[in-house]
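Here the structure comes first, spelled out in C-alpha cells, and everything after it is commentary.
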Protein chains: 2
Amino acid sequence: MAHCHVLFYFCIMDISEFVKNGDQYFLPNLSIDLVIIGYSDAKLKCLLLKIGKKWLLPGGYVQRNESVEDAAQRILKSRAGLEDTFLKFLAVFGSEDRQFKSFLEQFAINEHIHLDQKSWLTDRFVSLTYYALVNYEEIFPTTGDFDEAFGWFDFKNLPEMWMDHNTIVNTARIQLITDIQHEYHAHNLLSESFTMPELHKLYETILGDRIDRSRFQKKMLSTGLYKRLPKLNKNTPGRKPYQYRAKK
Amino acid sequence: MAHCHVLFYFCIMDISEFVKNGDQYFLPNLSIDLVIIGYSDAKLKCLLLKIGKKWLLPGGYVQRNESVEDAAQRILKSRAGLEDTFLKFLAVFGSEDRQFKSFLEQFAINEHIHLDQKSWLTDRFVSLTYYALVNYEEIFPTTGDFDEAFGWFDFKNLPEMWMDHNTIVNTARIQLITDIQHEYHAHNLLSESFTMPELHKLYETILGDRIDRSRFQKKMLSTGLYKRLPKLNKNTPGRKPYQYRAKK
DNA sequence: CCAAAAGTGTTATGGCTACACCCATGT
DNA sequence: ACATGGGTGTAGCCATAACACTTTTGG
C-alpha cells in the first residue's frame, strides 16, 4: 500500500509522458517580476515599463546557472543599473489564467512581429515577485532617453497595467507598510546619508499618517541601526540636522 | 533607445531559441513541497516520505488548469486526506544546484527502473514551499499500511533528508514560531474543539518556553477569535475546562 | 528679535509580567 | 479533606503616546 503511493507520485514514466501534450507544457513557466519602489517629492513611486497601451512591471527569467535570488538581482541591475540593492521577496502569483496572450498579441502587432500561437511565451506563467527599495536620485542619471518606455508612477495614481500587475503593485505597497515597522529598511529609499527629518517624513508618507516627531527620533536612535554623522549644512532657517547612515 | 531595452527583454525570437538547448530547458522546473505539521505527545511532528535511505517532503507539481494555491491544497489532500486544511506559503527555494539527480538514481536502482539521464526530472528545480497545520489524530486513521514509506518525525529529531529539505523543514519551524504570535492559527493543530490548557500547552511547545497561564488565557480570549462551548467532561481531578472553537 | 526647524525632556496611559487568589472536581 | 487543575484578579513595570520645552539658525 505504501508503495502504491510512492509509485503514483514518482512514477517517472507517467510524469514524463505527462510533461508534453502536443507542445503544451505540463509544468508552468516561471518568471520574476519586480516592484521597484522609489521616493521623490514626498511620494512613493513605482518604476513601470510601457508596452502598447498598458504598462507592466520589469521582469525576466531565471537562467540555468543562477539562483532565483541572483536572477532577481540581475534583472534589477539591468533595469535600474544598481548593485547591492535592497530586494525582498513579496509573493508568488500563480492563478491559472496568468498568461501574456493579449499582451503579446498587442506587442506583436505594434512591432510587426510574427507571433507563434503555440509559443511557450503565450502559455501560463507563475511569477515570483520581489520589491526593491531604491534611491530615486541614483537611478537613470541620464534620464530622458527612456521616456517612451519607462515611467515612474505615484502609487496612488497607477496606470492600467497588463495582467494582474496592478494587484502585484498594490500587494507590495501593503507589504511595505507592514514591513517597515519591524525591519527598518526604509532608509534604502533615501541617499546613503540622510537626516532624521527626512526619514521621519518618509515614514509618514509610507504609513499615510502623522507620526510624533519626538518619539520617532528616539525610537530610530534606540534601534542602534544608524550612525550619527556631522551636521548638514543647509540654507534654511532652523537648526542644522545631523546626518545619519545605516550601519551594516 | 527605449525600444532597445524593450526589444532585448521581449524579443520573442531570441527567447524562443533560448528555451531549449539540446533538450535542456531554459526555464527551471517548478515544484511544490509541503511541510505538513502535526502535534502529538506534546511534540511538533512533521510528515515525511521515505525514498531509498533518506527522507523527503511530500510534494508535487502545478497542473495546467489550477492555481499554485489549488495545487498545494490538492497535493495536501492526496497526502493527508484532509480538505480545507490550514496552509500557508513559506518561501521559495531556488538555489542553482537544486536537482534530484542523486535522489532519482537511488530511486531508479531500488525500483529497477531505467532513468533517462536527460529527463527534465533530473534537471534543476525551483520549489514553492508551504506549511500545513493539521490535526494529527485525523490523518491516516487506518495508519500502519504506510509505515514503510511515511513517517512522522519530531522536529528536533529529523532524519537525513534529500537535497535541501532539512533546511526547508527548519525554515518552517522558525516561521511557525514567529507566525503564531501574530496570527493565532495554531489551533489548527488541535481538534475542532479544544480547551485552553491544551492550547496553552501547544503554544509552550511551539515557542519552546514557559508562558504564563493566566496571561495566555486572557490574551487568547481578548482576541475574540474563539467561541466558548460547554465544559468538557473528563475523569481527572480538578475543574472541568471549557471547550472552545475557532470562529470563522 | 522672531519664526522655523531640530533636538531633548516629562508626564500620562495602556498593555504586559508575575504572582496571588478563588473555584471546581476526583480520590 | 485535600490535592489537582482551571479560571480570574491585582500590583508593578515597561514601552508608547502626547505634548512641552530648549536650542540653533536664517532673515
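Order of the sequence lines fixes the chain letters, A, B, ..., with proteins taken first and strands second; residue numbering starts at 1 for each chain. Just so you know, these numbers use all the heavy atoms, side chains as well, and skip hydrogens, waters and symmetry mates.
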query = Base, sugar-phosphate alone, or nothing: which one does A:Arg228 contact when heavy atoms must sit under 4.0 Å apart?
reply = sugar-phosphate

ask   = Between B:Lys201 (NZ) and D:dG6 (P), how many Å, whole number?
value = 12 Å

key: No-hydrogen, no-angle side-chain donor-acceptor test under 3.5 Å, A:Ser67 and B:Ser95   = no

message = Determine whether the aromatic ring centres of residues B:Tyr226 and B:His187 are separated by less than 6.0 angstrom.
response = yes

task = Compare all side-chain heavy atoms of A:Tyr242 with those of A:Met196 and state whether any distance is below 4.5 angstrom.
result = no

message = Between A:Tyr203 and A:Met220, is there a side-chain heavy-atom distance shorter than 4.5 Å?
response = yes

remark   = Shortest non-hydrogen pair, A:Ala132 vs A:Leu76, comes out as CB-CD2, 3.9 Å

query = Roughly, in whole Å, what's the span from CE in A:Met220 to C1' in C:dA6?
reply = 17 Å

ask   = Separation of A:Glu198 atom CD from C:dA6 atom C1', in whole Å?
value = 13 Å

Cation-pi check, B:Arg173 onto B:Phe155 ring (under 6.0 Å, within 45° of axis) = no

query = In whole angstroms, how far is the P atom of D:dT16 from the OH atom of A:Tyr203?
reply = 14 Å

remark   = To the nearest angstrom, the CD-C1' distance between B:Gln243 and D:dG6 comes to 14 Å

note = Per-nt protein contacts along nucleotides 17-27 of chain C (heavy atom under 4.0 Å; B base, S backbone sugar-phosphate only, - none) come out as BBB---BBBSS

Rounded distance (Å) that lies between atom P of D:dG5 and atom CD of B:Gln217 = 16 Å

remark   = note: A:Tyr242, atom OH; C:dA5, atom C1'; distance rounded to Å ~ 14 Å

key: Atom pair distance, as rounded to whole Å: CZ in A:Phe216 and P in D:dA18   = 16 Å

